[in-house]
Amino acid sequence: MYRHVLWDWNGTLLDDAWLSLEVINRMLGKRGLPEVDAEVYGQVFGFPLERYCRRIGFDLERESFTALSDQFSLLYEARRLECGLRAGARSVLAAVTRLGVGQSVLSAYEQDALVSLVGHFGLSGFFAEVVGVDNQHGSGKVELGERWFRGSGWVAGEVILVGDTLHDLEVAAAMGVDCALIPSGHQHRHRLDGQGVAVLGELEDLLTLLA
């Protein structure tokens with residue numbers, strides 16, 4: 001049924017929820033704000049990121065979202081290579097390729113950083129395109145996805161977007177393509193369940209959707 005898999009990156013292929021939590025807690029601690037655990041983080045993380053920052057405790061009347069986002073990016077990028085791929089990621093990418101199904105990446109991660117990290121893990125050869133946003137604020141993924149789809153040559157039923165957050169579902173809906181979600185730690189599974197799309201237990205479960 002599907003001829004192309006459009007992968008999200010952060011959380012979906014890259015195991016980085018733990019790092020995002022550590023960076024956020026470092027930023028909260030420097031401001032004398034209560035740190036959060038993985039349970040709270042998974043309950044409140046989401047897009048737009050500005051709303052998430054407010055919910056997790058930052059006072060955006062005292063400092064700008066842009067300044068917070070820039071600081072997060074600086075701290076995250078300094079440690080990004082501590083992250084690994086999610087369990088099974090490389091073998092699933094190889095299996096999808098063997099099925100003759102194309103693959104690309106669509107991410108709210110900044111383009112140059114995204115391309116660099118995909119290359120660091122030796123995954124570039126799996127993807128027809130690696131597409132990120134032009135900012136460090138996690139914005140513009142919906143528009144980016146719509147533009148990618150218009151230029152892709154695929155029709156809606158041929159593409160499935162695989163992500164780990166409700167924002168990925170929003171992106172897929174805007175594109176008019178199917179979606180499968182996988183819990184990553186960025187958002188709890190109960191937030192993903194009941195949305196009318198497949199929720200994968202592990203990346204390998206995607207292969208059953210492609211058979």
**Prompt:** Relative to each other, are the rings of Phe47 and Phe45 parallel, tilted or perpendicular (30° and 60° limits)?
**Reply:**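 It falls in the perpendicular class, over 60°.
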
Roughly how far, to the nearest 0.5 Å, is the [atom2] atom of [Y] from the [atom1] atom of [X]?
| X | Y | atom1 | atom2 | answer |
| --- | --- | --- | --- | --- |
| Leu68 | Cys53 | CG | SG | 5.5 Å |
| Met175 | Trp154 | CE | CH2 | 12.5 Å |
| Tyr76 | Ile24 | OH | CD1 | 12.0 Å |
| Leu161 | Tyr2 | CG | OH | 11.0 Å |
| Asn10 | Leu114 | CG | CG | 7.5 Å |
| Asp15 | Cys83 | CG | SG | 7.0 Å |

**Residue pairs, two or more places apart or on separate chains, that pass side-chain hydrogen bond (donor to acceptor under 3.5 Å, both in side chains) and touch residues 199-211** =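 Qualifying pairs: none.
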
Contact between [X] and [Y] at the side-chain level, heavy atoms closer than 4.5 Å - yes or no?
| X | Y | value |
| --- | --- | --- |
| Gln195 | Leu166 | yes |
| Glu50 | Arg55 | no |
| Leu206 | Leu209 | yes |
| Met1 | Asp178 | yes |
| Ser104 | Trp7 | no |
| Val133 | Leu144 | yes |
| Val199 | Ile182 | no |
| Ile160 | Leu6 | no |

Would the distance check show the side chain of [X] and the main-chain N or O of [Y] forming a donor-acceptor pair, the cut-off being under 3.5 Å?
| X | Y | value |
| --- | --- | --- |
| Arg90 | Phe121 | yes |
| Asp16 | Leu19 | no |
| Ser152 | Phe149 | yes |
| His188 | Glu39 | yes |
| Ser116 | Asp112 | no |
| Thr12 | Trp9 | no |
| Ser73 | Ser69 | yes |
| Glu129 | Val131 | no |
| Arg191 | Gly42 | yes |

**Asked** With no hydrogens and no angle check, do the side chains of Tyr41 and Asn25 hold a donor and an acceptor under 3.5 Å apart?
**Response**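 The answer is no; no qualifying pair exists.
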
**Message:** Ignoring hydrogens and geometry beyond distance, is a side-chain donor-acceptor pair present between Tyr109 and Asp8 at under 3.5 Å?
**Reply:** no

Hydrophobic cluster identity match, [X] and [Y], side-chain contacts under 4.5 Å:
| X | Y | result |
| --- | --- | --- |
| Leu99 | Leu200 | yes |
| Val5 | Leu169 | no |
| Val162 | Leu192 | no |
| Val23 | Val40 | yes |
| Val101 | Val155 | no |

**Prompt:** Would His4 and Trp148 count as a close aromatic pair, with their ring centres under 6.0 Å?
**Reply:**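 Judged by ring-centre distance (under 6.0 Å), His4 and Trp148 do meet the cut-off.
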
Check ion pair [X]-[Y] (N to O, under 4.0 angstrom):
| X | Y | value |
| --- | --- | --- |
| Lys141 | Asp168 | yes |
| Glu22 | Arg79 | yes |
| Glu61 | Arg54 | yes |

Of all the heavy-atom pairs spanning [X] and [Y], show the shortest one and how long it is.
| X | Y | answer |
| --- | --- | --- |
| Val142 | Ala174 | CG1-CB, 3.7 Å |
| Thr165 | Leu181 | O-CD2, 3.5 Å |
| Ala17 | Ser184 | CB-O, 3.6 Å |
| Val197 | Cys179 | CB-O, 3.3 Å |
| Gly46 | Gln187 | CA-NE2, 3.6 Å |
| Glu35 | Gly29 | OE2-CA, 4.3 Å |

**Request:** Determine, stepwise, if the pair Arg3 / Val159 fulfils side chain to side chain contact (heavy atoms under 4.5 Å, CB included).
**Result:** CA-CA 6 Å; Arg3 299 179 60 193; Val159 176; over 6 Å; no

**Message:** Run the side chain to side chain contact (heavy atoms under 4.5 Å, CB included) test on Leu85 and Leu123 for me, step by step, so that the C-alpha distance in whole Å, both residues' side-chain angles and the decisive distance to 0.1 Å come before the verdict.
**Reply:** CA-CA 10 Å; Leu85 297 175; Leu123 302 181; 3.8 Å; yes

**Message:** Checking Leu81 against His120 for the side chain to side chain contact (heavy atoms under 4.5 Å, CB included) test, could you report, in this order, the C-alpha distance in whole Å, the side-chain angles of both residues, the deciding distance, and whether it holds?
**Reply:** CA-CA 9 Å; Leu81 297 185; His120 167 76; 3.7 Å; yes

**Request:** Show your working on side chain to side chain contact (heavy atoms under 4.5 Å, CB included) between Lys30 and Gln71 and close with a plain yes or no.
**Result:** CA-CA 12 Å; Lys30 288 183 65 175; Gln71 183 179 0; 3.8 Å; yes

